[in-house]
Structures are given as structure tokens and as C-alpha cells.
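These notes concern the structure reproduced below.
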Amino acid sequence: KTSGRVFESYPVRYWDHLYGPTHPHVAVAKADGSGARDLCTGLARGLEETELEVSPDGRLACSGFNTVDSELRFDGQLVTWDVASGERRVLTKGPAQHFAPRWSPDGKRIACLTQRTMPRVTGKVDIAIVDAATGTSRIVTSHLDVTPTRPLWADATTLLFSCDELGHHVLRVVDIETGASRALTTRGRCT
């Protein structure tokens, strides 16, 4: 037996583990498991280290999607798939990465984590609200000095997220219209 691996594309590893010969795919099937279709044919490693969520009406799926630029830097954006046709659309673009999507209850917006991309700099992570039709996004936590986890919709205008704060991992709430935020817990570990 040999432990050697041949890689034909970049990246070959993520932090502490090598990528193997297989990679994640988005597949759709009927409720009984029949008629499975792969929506990722020909898309090498774009879904490594990403999360996927299906819209409330079940028509679209959204996930992070990673590409590598000419200087071998990662660029992570949100993509949507039409579940029926398999059509893929890049939703976000620009100098910030977008990842960890969550659909709003009405399916019109997506809350996600975002981080500005700069060479040799680890940027602040924030929560952004992305319009599912246009891809325009706005940050709602830029005024907070915390690193949020993947948000969860409490209702149409309120998000919950956890973060490290004063030596504890607390639960916070943020109003996406005003940006007003408050801690729901102040001690212990909430996830």
C-alpha cells in the first residue's frame, strides 16, 4: 500500500487536513430518494468548507462557493441553485467573502457571514443581509466589536447569533433594520 496522493488542482489542504479525491456536491432527489440529480457536475472543490441551506419554498438552494484567484487566494461568495433546472447563479461579488447563508422566513433575503478580503490580513467577520434577487448586501453588525457565528432568523427583522464577549460565549440579538443589538445572555456558553 502507498499513502501518496496526486493533486491536479489547487487547493490541496485546508488548515490541518488534506483534501481527498472526493468533494462535496449538491444533489436533488424526490422524497423517496429516487431521481437523484447532481447539480455540481464539473465543479471541482468549490463547496469544500461551505454550508448550504434551501429556501423556505424549496425552489432555491444557497451555499458558499470557493474559487481561487490568480494569486492562489481563496474567494468565497454565495451562489444559488434553481432546484428544478439546476441553474447556478453567483449571488455576491466583490472584495468581501460571503459564507454561512440562512434564508429569511419570506425567502427574499439571506443572512450570512462576511469578511473583507485583503492580502495577508485577517479581517473582521460581520453579518450581512443579501437581497436574494439582486445580490446587493449590507452589513448589520459593523458597529459591534464581536465575531458572530452563523446567524439564525428569529422573525422577519431579527437575527440571533452567538459570539465571544468578555470571556463568555453569549447569545445576542440584532435588528436588521436599525442595527440595534443586545445581549440575551452574559455568562456561560451559548451556541
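Sequence positions, counted from 1, serve as the residue numbers for this chain. The figures here come from the full heavy-atom set of this structure, side chains too, leaving out hydrogens, waters and symmetry mates.
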Indicate yes or no: at least one non-hydrogen side-chain atom of Leu152 is less than 4.5 angstrom from one of Phe161.
no
Between Arg138 and Ile176 (side chain of the first, backbone of the second, donor and acceptor by atom type, cut-off under 3.5 Å), is there such a pair?
yes
Compare all side-chain heavy atoms of Val170 with those of Cys163 and state whether any distance is below 4.5 angstrom.
yes
Same cluster for Trp103 and Leu159 if Ile/Leu/Val/Met/Phe/Trp/Tyr side chains link at under 4.5 Å?
no
Which is it for Asp57 and Arg59 under the salt bridge (Lys or Arg N to Asp or Glu O under 4.0 Å) test, yes or no, and what are the steps along the way?
CA-CA 6 Å; Asp57 64 8; Arg59 293 185 311 121; 2.9 Å; yes
Check: Val83 main-chain N/O paired with Arg37 side-chain donor or acceptor under 3.5 Å
yes
Who passes salt bridge (charged side-chain N to carboxylate O under 4.0 Å, His left out) against Glu177, sequence neighbours left out?
Arg109
Does Asp164 reach the side chain of Val146, with side-chain heavy atoms less than 4.5 Å apart?
no
Would you check if Ser137 and His98 make a side-chain contact, meaning some heavy-atom pair closer than 4.5 Å?
yes
With a 4.5 Å cut-off on side-chain heavy atoms, are Leu113 and Pro151 touching?
yes
Measuring from atom OG of Ser55 to atom CD1 of Ile110, what distance do you get when rounded to the nearest 0.5 angstrom?
8.5 Å
Can you find a pair of side-chain heavy atoms, one from Arg116 and one from Pro95, that are under 4.5 Å apart?
yes
Determine whether the side chains of Ser142 and Asp126 contain a donor N or O and an acceptor N or O closer than 3.5 Å.
no
Residues forming a salt bridge (charged side-chain N to carboxylate O under 4.0 Å, His left out) with Asp145, sequence neighbours excluded
none
Can you tell if the side chain of Arg150 reaches within under 4.5 Å of the side chain of Glu53, non-hydrogen atoms only?
yes
Specify the closest pair of heavy atoms between Gly58 and Val54, including all atoms of both residues, with the distance to one decimal.
CA-CG1, 3.7 Å
With no hydrogens and no angle check, is any side-chain donor or acceptor of Thr149 less than 3.5 Å from a backbone partner on Ser162?
yes
Establish whether Phe99 and Ile139 are linked, either directly or via other cluster members, by ILVMFWY side-chain heavy-atom contacts under 4.5 Å.
no
Between Val79 and Leu91, does the side-chain contact (heavy atoms from CB on, under 4.5 Å) criterion hold? Intermediate values first, please.
CA-CA 5 Å; Val79 296; Leu91 189 60; 6.0 Å; no
CG/Leu78 to CZ/Arg89 distance, rounded to the nearest 0.5 angstrom?
10.5 Å
Would you call Arg172 and Glu165 a salt bridge, using N to O less than 4.0 angstrom?
yes
Leu160 vs Val174 side-chain heavy atoms within contact, under 4.5 Å:
no
